[in-house]
Amino acid sequence: MLTLLEQIDKGTLWRIPGGIHPPEHKSLSNQSEIARLPLADHYLIPVPGVGENCTLAVKVGDAVTKGQALTMGEGFRHLPVHAPVSGKVIAIEERASNHASALPVLTCVIENDHQEQWTDSVHGPLSPEQVAEMDSDTIIRRIQAAGIAGLGGAAFPTHIKLKPVSDIELLIINGVECEPYISSDDRLMQEACDEIVRGIAIIHQLLNPKRIIVAIEDNKPKAIEQMEHALNRSQLPNHCARVNKIPTLYPSGGEKQLIQILTGQEVPSGAIPANLGILVQNVGTAYSIAQAVYRNMPLIERVVTLTGQNVAKPGNYWVPIGTPVEHLLEVAQFRGDTNAPVIIGGPMMGYMLPDVAAPITKGTNCVLMPSEQEVAPPSPEQPCIRCGECAQACPAQLLPQQLFWHAKAQEYDKAASYNLRDCIECGCCSYVCPSDIPLVEYYRVAKSALRQEAEEKKQAELAKQRFDSRTLRLEQEKRAREEKAKQAAERRKAQMTGSDKDAVAAAMARIKAKKAADEQSSTGSTTDKPQDKVAAAIARAKAKKAAQKGDATTATETAEQQTSTPRATSADNGDSATLSQKEKVAAAIARAKAKKAAQNAPESGDTSQTPAQETEANAPLSQKEKVAAAIARAKAKKAAQASASDEQVTPSESQTNIQNGARDGAKASSPETIKKAKIAAAVAKAKANKAAQASAGDEQVAPSESQTNIQNGAQDGSQDGDKTSTPEAIKKAKIAAAVAKAKAKKAAQVSASDEQAAPSESQTNIQNGAQDRAQDDGNASSPEAIKKAKIAAAVAKAKAKKAAQASASDEQVAPSESQTNNQDGALDGAQDGDKTSPPEAIKKAKIAAAVAKAKAKKLAKAQAETPNNEHKD
Amino acid sequence: MAFKLASSPHLSTKAQTRGLMFKVMLCALPGVLAQCYFFGWGTLIQIALAIAIAVATEAAVLKLRARPVGKTISDNSAALTGLLIGVAIPALAPWWIAAIGVVFAILVVKQLYGGLGNNIFNPAMAAYVMLLISFPVQMTTWVAPSGAALNDIGLMQSLSIIFQGADAEQILAYRAGIDGVTMATPLDAVKTGLSTGLTLDEILTKASFSDGFGIGWAAINLAYLAGGLVMLKLKLIRWQISTAILASLFVCASIGYLLSPDTHMGPLMHLFSGATMLAAFFIATDPVTAATSTRGRLIFGALIGLLVYLIRSFGGYPDAFAFAVLLANLCAPFIDYYVKPRAYGHRASR
């Protein structure tokens, strides 16, 4: 078994599948030496990279010398372009591009002054020894600065290709030139073989490949001869470089096909030849490399074949890059009419130029101007008869008719599954098709559709990544804020004065006392003392609760019995303001019971509501009565909700209750009274909420309910601030209210652990928090108060968000809902700041209000998965 | 300046579908002439009739489908279908046999599937099978090859038999009056003989087998073989399908003959009797209904050869190409799906 290198040394060639033998027509242009044409007055240098990886080095009006770089760039991928003549930059604007689309591209227009003033950096040729002493970086830099791109047509930057990812074992110099008509490489090899070999030697110096093959088709015997002589004359190591004569077959000059012919290897799909340790360079590129390294000569001209029967002087010409094609048509005496095609490149892979004002570019090797006999207008497409000739001709061994079938049906994914992307668009399939189907065009359309699809997918993926990272960032910010808030809270606690603590403790103690009283009152004993009365009320409430739990029928009966009593009482004493205590307590209890009963037994609702309303109409009630009433109502609610574990609690009812309680508190006038009443009210509300939420573990608690409750609570707090004048009272009341609300919220959150909030909420929170802060700033007057209020607000908000997000993940909470809540809370806070005058009071009130609001928001959001507007009255 | 823009490549071969089809018809000429020589004017009349009806039907359907009539007719595919049906039906079958077959082929098998390039089944063979099943008497009553019948039915006689409703009995009577030999194709004769317990040797001693394969049939097959070789030379068809059919049939027949020479025809008899060469070069190579890749075509051809052998030897019909081709048509998309060539730069798949 011979190694690959041994086989190469033997000159072994491999066959490629497919391929065609189109008429060559090379003799039209390859009979004369490469000549020069009169220069144009204007040159067009496209600078599409400007703004991406480079900047313009000139501006309109600048004088330029021949070979001066027009762009500056730092990156390794930057490929400069140069002025092909000396003269003046007269415009930098969009001009038609040398492309099948002729889409305008930013172009530097240079007016030729015909002075041929060279730029200073170009110098006389160095000696081979001097070049041999150059290090690789210098050579690569020179090649990059010369702006050398692959001259075979693809125009890929050569300096990038010369820094391959892997070791290059085989260097292939492509002189195949398999397209019909084109002979620019053929003539260049005949006339500048030594310069080409110098370029090859430079590549050898850079990459040190084990073998170098110059591949030339056997229809160019003179070029083969010249190149063989030049290689023999060169200083390249013996047996390293050779000329391989390969059979004429289109498309042998394709990079992949040439590699297959010379090595029998295939470039894996999606890979580049460097992965196989192979580098392919065009002969023209080798020539330019030599020019660049020996003379520092930029790539400003190239050999272009002007050919076809529509041109009077076909042949090969040195054409400055940037020459407008129309100038070439003129000086080469184009004979076609305005509808005659001008093809850039060969007849197999070239494209018709829509606008002859476009310039010659680095990749333009041929301008073909065929007559109608040479290139007929496309014949109409006929149905595919599945003859399979295309598959026989395909050098990539694809199934062109299957590709066509799917491309035509726009089933691009299926076309892709037939390896559409491995199509090199050589045109063999279209060439052999007896039905004149423009197969390659179908593939181009399909390819661009697939590219677009992939691009869209990529964009979507990017958007997703952006979103994810944003979410992560917000999360981190939030955590940082929480951390900060926690520290702030600790600082604040440490700063708290003794009296503050006492007040809180006192409030707590009172609450506890009430709780104890509630527990004791289970025996149901009634005394004359207020406390006993309270207990009695509680006991009655509980009894009702038990009754309801036991039996629905009994409940209804009880409700009826109980409603009858207060109705009578209130009817009798409706106008009297001097009702005894007991009666009033009883009335309050009755009201509570009536409501409860109404809820559980709707049939009795009509009757029970009337007395309750009547009783409520009774004006100024004494302190104790109010306390009792509040407690009673609260318990009633609790009981009602607790018993309603299977049914749905009518939320508007309990809501109204709490509002009532709040109103009661607000109406009281004496400071003493206010204090107690408020505490009681707060406790009652808190308990009610707690109970309601705890029992709602399985069912849906109408979320707007709890929300409204809390809003009410907040309003209460603010109303308290409004109407009461004693600072002492304000302080205590607020603390109590805050504690109560906080507890209620906590309970609600615990029970709401399954329910979710939408993530967008947290963002809204933050925004609102900011608004809150701003409003606090604006409204509160005392600096002291502002400070504390802010801290408190921040703490509260942070906690609220945390809780909401912790429970949030699946369901969507209507964000507008929670937003409204927060705004309400914020407004409350602002009102607090405005209306209360003593600084001390402001401070405390704000803290309490902020905490309460924050928690309220949190709770509302956690539970508000089904915004239930009907409960919001 | 405004050029008329076209996508690359800007060159194309001169090869066109219409030229391809026309050349295929020309290549069928030797076989057609041989058939005329042995079966008389009837063959030519049938061919002309079938082609005329085929083109007329195609034109009518295209008009109904609002497709360009002239351009499509000129691709010659309908004419080729007509020709193949014309040579496949007995020379003196009544005219409506050809008419029904051709209309079925063009209208149902080809145009209802979307016209040229879209049909699943070979139109000529589908029509032949339809006729064979629907009109077995007319479709199996072959006139005696002239070498055996020792007479020639004149042009006018042929016309009157075909168009004036001479039924099969009349033809039989007519023929019986001439030479007293009941005519059937050699394959039919072998099948009948084998089923009556005769050995192959005994059957082959009959007069109609005087040249060893059945008078006329070997010559006709050779003529089609010649036409097929010309097509290969002109690259009108690729070699894979024809070669695979003949090789597969030869191998199968050889195995059968070696195992049981008394009850199985020899491989050469298989190759040179019935429609073997006609089908191998002119029918199975219809690109529309065949597999497309090189390997796929080999499989496609081999499948036809195997099916022909199996049906000829063990099936109910003396010849089997129509059935075999249709069955292979069914398999073609499947073969194409699983036999994809390995594309450049890809590892061997499946």
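What you are looking at is a predicted structure, and each value in this text was computed from that prediction instead of being measured. Lettering of chains follows the sequences in order, A, B, ..., and the numbering in each one begins at 1.
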Contact origin within [X] toward chain B - heavy atom pairs under 4.5 Å:
X: A/Glu374; value: backbone
X: A/Pro17; value: neither
X: A/Pro347; value: both
X: A/Gln392; value: side chain
X: A/Cys387; value: both
X: A/Ile343; value: side chain
X: A/Cys433; value: backbone
X: A/Ile385; value: both
X: A/Glu441; value: both

Approximate separation, where rounding is to 0.5 Å, of A/Gln401 CD and B/Thr292 OG1: 4.5 Å
Value rounded to 0.5 Å, distance of CZ in B/Arg18 from CD in A/Gln382: 7.0 Å
Residue pair A/Pro383 / B/Leu116: nearest heavy atoms and the distance that separates them: CB-O, 3.4 Å
Taking every non-hydrogen atom, the tightest pair across B/Leu11 and A/Pro180: CD1-CG, 4.1 Å
Verdict with reasoning, B/His10 to A/Met352, per side-chain contact (heavy atoms from CB on, under 4.5 Å): CA-CA 9 Å; B/His10 308 288; A/Met352 283 192 186; 3.8 Å; yes
Given 3.5 Å as the limit, does a donor-acceptor pair link the side chain of [X] with the main chain of [Y], or not?
X: B/His346; Y: A/Pro268; value: no
X: A/Glu266; Y: B/Gly345; value: yes
X: B/Ser8; Y: A/Tyr351; value: no

Just give me the residue among [options] that pairs up with chain B most often, heavy atom to heavy atom, under 4.5 Å.
options: A/Gly388, A/Ser269, A/Gly427; answer: A/Ser269
options: A/Ala376, A/Cys384, A/Gly336, A/Gly346; answer: A/Cys384
options: A/Gln402, A/Glu389, A/Gln257; answer: A/Glu389

Chain A contact via B/Arg238 - side chain, backbone, both or neither, heavy atoms under 4.5 Å: side chain
Under 4.5 Å from any heavy atom of chain A - which part of B/Leu20: side chain
Partner chain A: residue of B/Gly19, B/Ser77, B/Gly117, B/Pro68 with the largest heavy-atom pair count (under 4.5 Å): B/Gly117
Verdict with supporting geometry, B/Asp286 and A/Arg386, side-chain contact (heavy atoms from CB on, under 4.5 Å): CA-CA 9 Å; B/Asp286 168 31; A/Arg386 290 164 46 87; over 6 Å; no
A/Lys256 to B/Tyr344 six-membered ring, cation-pi geometry met (6.0 Å, 45°): no
